[in-house]
2 protein chains.
Amino acid sequence: MFNKETEYALRGLVYIKLQNLKNRRPGTTEIAKEIEAPQFYTAKILQRLVRAGFLRSLKGKGGGFFFDPDKPDLQLIKLISATEGDKSYSSCGFGLKHCDNDKPCPLHEKYAVIRDSINKLISDETVQSLAEKVYKKELNLR
Amino acid sequence: MFNKETEYALRGLVYIKLQNLKNRRPGTTEIAKEIEAPQFYTAKILQRLVRAGFLRSLKGKGGGFFFDPDKPDLQLIKLISATEGDKSYSSCGFGLKHCDNDKPCPLHEKYAVIRDSINKLISDETVQSLAEKVYKKELNLR
DNA sequence: TTATTAAAGGACAATATGGTCTTTTTGTAT
DNA sequence: ATACAAAAAGACCATATTGTCCTTTAATAA
Ligand code: FES
Ligand code: FES
């Protein structure tokens with residue numbers, strides 16, 4: 001489904017939000033361990049997300065990552081656009097340069113429906129909504 | 001959706017089948033041009049598909065690629081398994097090592113449905129069924 | 001103020017994917 | 001038999017992705 005960078009970003013952010021709910025600000029070592037991802041690579045990815053404005057961080061003792069409570073929830077589609085580019089789920093499944101209803105490829109009829117449902121999923125769900133599910137239903141992050 | 005190799009393989013095979021329907025056996029130069037793919041890379045991919053037994057080829061004058069009429073239609077899922085590995089559409093959308101109904105990730109509930117519909121699509125459709133659609137409805141390969 | 005902690009930054013390496021080109025082999029037509 | 005055409009084979013290169021590690025910066029606590 002997603003590439004590694006997106007996976008680590010997604011799992012990492014959900015873990016951070018989950019800890020924020022418990023009034024904690026986890027650091028890279030803890031995060032990487034909990035989501036079973038390479039520590040330094042995860043750190044680099046989180047850095048980028050901070051620079052992109054999705055997330056905040058604090059250096060030094062007691063530091064770590066956290067979400068700005070004043071910001072709106074982060075839709076997965078925003079995250080994916082940042083990590084994989086914004087045409088991930090708009091392009092043709094057959095590999096044509098553009099998906100065009102009027103000049104469809106032989107996959108279009110069935111694929112377009114699926115693509116729409118993926119877009120709905122990643123627009124409806126947010127890092128926060130996933131963290132809530134994990135919290136309430138005691139789901140897994142690894 | 002798919003990686004480049006799978007895309008070129010898919011478009012190439014559909015083009016070959018389409019030409020076979022017209023009693024022609026296209027070669028690598030023609031195929032690559034018609035599907036707008038890199039010529040030598042396409043040639044290499046087709047070689048692999050021949051070795052994998054999906055396709056046949058003839059060298060020399062009048063040679064080219066063609067499907068064995070006695071073989072059953074080639075499901076897209078078989079092709080994708082060969083090019084991308086067989087766990088492409090069975091793994092967890094959140095990146096967990098295994099997708100498990102009993103220990104679901106927070107994406108599972110909605111993602112599993114979509115994944116099922118992808119699996120249905122690539123099981124139902126075959127290279128031949130796509131070629132038929134292109135033939136009957138005069139659809140696009142590029 | 002100083003020691004400590006943790007993120008930021010950046011160099012570097014490994015691997016996978018995507019792509020090009022040349023030579024060899026094999027089949028066909030003449 | 002010979003020339004030619006086209007796939008097969010394989011060396012090689014480019015780029016993107018994934019991953020590691022070391023140094024610097026900034027924040028906190030003592
Ligand atoms: S044209 Fe291929 S998916 Fe729309
Ligand atoms: S557990 Fe993640 S998709 Fe099933």
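Below, all heavy atoms of this structure are taken into account, side chains as well, without hydrogens, waters or symmetry copies. Letters go in sequence order (proteins before strands), and every chain restarts at 1.
Rounded to 10 degrees, the angle separating the terminal axes of the helix from C:dT1-D:dA30 to C:dT30-D:dA1 is 10°, with each axis obtained from five end pairs.
For a distance-only test at 3.5 Å, the side chain of A:Lys44 qualifies as a donor-acceptor partner of the base of D:dT20. Scanning atom types as modelled, one donor and one acceptor separated by under 3.5 angstrom connect the side chain of A:Gln47 and the base of C:dG9.
Neither side chain, B:His108 nor B:Asp100, offers a donor N or O lying under 3.5 Å from an acceptor on the other. A donor-acceptor contact closer than 3.5 angstrom is absent between the side chains of A:Tyr41 and A:Glu5. A donor and an acceptor atom, one from each side chain of A:Glu84 and A:Thr6, are located under 3.5 Å apart.
The side-chain hydrogen bond (donor to acceptor under 3.5 Å, both in side chains) check on A:Lys133 picks up A:Glu125, with sequence neighbours excluded.
Of the candidates D:dC21, C:dG18, D:dT28, D:dT28 carries the atom nearest the A:Leu58 side chain, counting heavy atoms from C-beta on. The nucleotide whose nearest atom lies closest to any side-chain atom of A:Arg51 is, among C:dG18, D:dT28, C:dG9, C:dG9. Comparing D:dG19, D:dA7, D:dC21 against the side chain of A:Tyr41 picks out D:dG19 as the nearest.
The CZ-C1' distance, from A:Phe65 to C:dA6, rounds to 9 Å in whole Å.
Distance check, rounded to the nearest 0.5 Å: OH of B:Tyr8 to CD1 of B:Ile31 gives 14.5 Å.
Looking only at side-chain heavy atoms (C-beta outward), B:Leu55 and B:Phe67 come within less than 4.5 Å of each other.
When each of A:Thr6 and B:Thr29 is assigned the nucleotide of DNA chain D with its nearest heavy atom, B:Thr29 is the one assigned upstream, toward the 5' end. Map A:Lys59 and A:Gln39 each onto its nearest nucleotide of DNA chain D; the residue landing nearer the 5' end is A:Gln39.
Look at B:Arg25 and you won't find any side-chain N or O under 4.0 angstrom from OP1 or OP2 of D:dA7.
Using a 4.0 Å heavy-atom distance criterion, A:Thr28 is classed as a sugar-phosphate-only contact.
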